[in-house]
Amino acid sequence: MNTNLKIKNLRIILWLSVAIYTLSLPYAIVACNVIALRWSPEFAEFVPRLILLVAGAAYIFYSIKVKLPFKKMSLLIPCAIISCLIIYLEPNPNKHIHIPEYVLMTWLLFEAIRIDYKGAGIFLLVFLCSSFLGVLDEIFQGIHPLRFYGWQDMIINSSSSFIGILSLIGLREDQKNWNWINQLKKMRGSLFVVLLGILSAAVSCYMLFKV
């Protein structure tokens, strides 16, 4: 009973962390502005790259320490390529902070979801949830008076979530269980209601943005 209570409390803490983290994302620009005022705009622009460099170095160090096979360590290569493409193609350096933001988002979601589900399909499930939260983040920014909605940001968010998934795959054991997909098939009625809700929310947000 004590173990069940601990798991229940951990579940609440993790999902609450995901919710608070998602709601706080539109305000990350505040931290960037503070850094720019405290040091310089150039340093603020470099911070996301610095975070990625430190995270990449930590990943390599941990991989060597626990003696991960090369095929696991090599997953850092597509992560680096995607990150470089985002930084190269997105001229606004403030958008680059989305990369570490959504890598962390995938890690938080993974920890929250894996309490109740363990299997290979968890990586796809985490990616879908993280991408949807990226859409929600942009909707929040569209409503926020000091921020702007951007479909390009949704692509950056999803790409960054994919980086998070690759890093998770590199550090986790492979699983063969895709039960959650079968469970979704049994919930077609509920999923149809959820889909209607999403479409209604999309129409409502479109009308709100028009106003």
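Scope of the values below: all heavy atoms of this structure, side chains included, with no hydrogens, waters or symmetry mates.
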CG-CD1 distance between Leu166 and Ile77, expressed to the nearest 0.5 angstrom: 11.5 Å
Considering all heavy atoms of both residues, which atom of Cys79 and which atom of Ser167 are nearest to each other, and what is their separation? SG-N, 4.3 Å
Is the closest side-chain heavy-atom distance between Trp107 and Leu171 below 4.5 Å? yes
For Thr106, give me all partners under side-chain hydrogen bond (donor to acceptor under 3.5 Å, both in side chains), at least two apart in sequence or on another chain. none
Answer yes or no: is there a donor N or O on one side and an acceptor on the other, between the side chain of His96 and the main chain of Ser83, under 3.5 Å? no
Answer with yes or no whether the hydrophobic clustering places Ile82 together with Ile60; edges join I, L, V, M, F, W, Y residues whose side-chain heavy atoms lie under 4.5 Å apart. yes
Please determine whether residues Ile51 and Trp39 belong to a single hydrophobic cluster, defined as Ile, Leu, Val, Met, Phe, Trp and Tyr linked transitively by side-chain heavy-atom distances below 4.5 Å. yes
Donor-acceptor contact below 3.5 Å, side chain Ser24 vs main chain Tyr21: yes
Which residues satisfy the side-chain hydrogen bond (donor to acceptor under 3.5 Å, both in side chains) test with Glu111, sequence neighbours excluded? Arg114, Arg172
Rounding to 0.5 Å, atoms CD1 (Ile169) and CG (Leu75) come to a distance of 6.5 Å
I need the minimum non-hydrogen distance between Ala44 and Pro48, along with the two atoms involved. O-CD, 3.5 Å
Mind checking the CD-CG spacing from Glu45 to Leu50? Nearest 0.5 Å is all I need. 14.0 Å
Within a strict 4.5 Å, meaning less than it, do heavy atoms of the Met73 and Ile64 side chains meet? yes
Set of residues satisfying side-chain hydrogen bond (donor to acceptor under 3.5 Å, both in side chains) with respect to Ser63, sequence neighbours excluded: none
When Ile, Leu, Val, Met, Phe, Trp and Tyr are grouped by side-chain heavy atoms lying under 4.5 Å apart, directly or through other members, which residues fall in the same group as Phe61? none
Tyr62, Leu168: one ILVMFWY side-chain cluster at the under-4.5 Å cut-off? yes
Verdict with reasoning, Val18 to Leu133, per side-chain contact (heavy atoms from CB on, under 4.5 Å): CA-CA 10 Å; Val18 170; Leu133 287 176; 3.9 Å; yes
Are any non-hydrogen side-chain atoms of Ile99 and Ile87 less than 4.5 angstrom apart? yes
Any side-chain heavy atom of Met105 sitting closer than 4.5 Å to one from Thr22? yes
In Å and rounded to the nearest 0.5 Å, what is the OG to CG distance from Ser17 to Leu108? 6.5 Å
Answer whether the closest heavy-atom distance between the side chains of Leu52 and Val103 falls below 4.5 Å. no
Once you round to the nearest 0.5 Å, how far does OG of Ser158 lie from CZ of Phe132? 9.0 Å
Is the number of heavy atoms from other residues, nucleotides or ligands within 6.0 Å of CZ (Phe43) greater than 12? yes
To the nearest 0.5 angstrom, please state how far the CD1 atom of Ile163 sits from the CG atom of Leu76. 10.0 Å
Results of side-chain hydrogen bond (donor to acceptor under 3.5 Å, both in side chains) for Ser159 - residues two or more places apart only: none
Tyr59 versus Val54: any side-chain heavy-atom pair under 4.5 Å? no
side-chain contact (heavy atoms from CB on, under 4.5 Å) for Phe110 and Leu125? Distances and angles first, verdict last. CA-CA 9 Å; Phe110 178 82; Leu125 182 59; over 6 Å; no
Under 6.0 Å from the CZ atom of Phe162, do we count more than 12 heavy atoms belonging to anything else shown? no
ILVMFWY clustering at 4.5 Å (side-chain atoms), partners of Leu16: Ile20
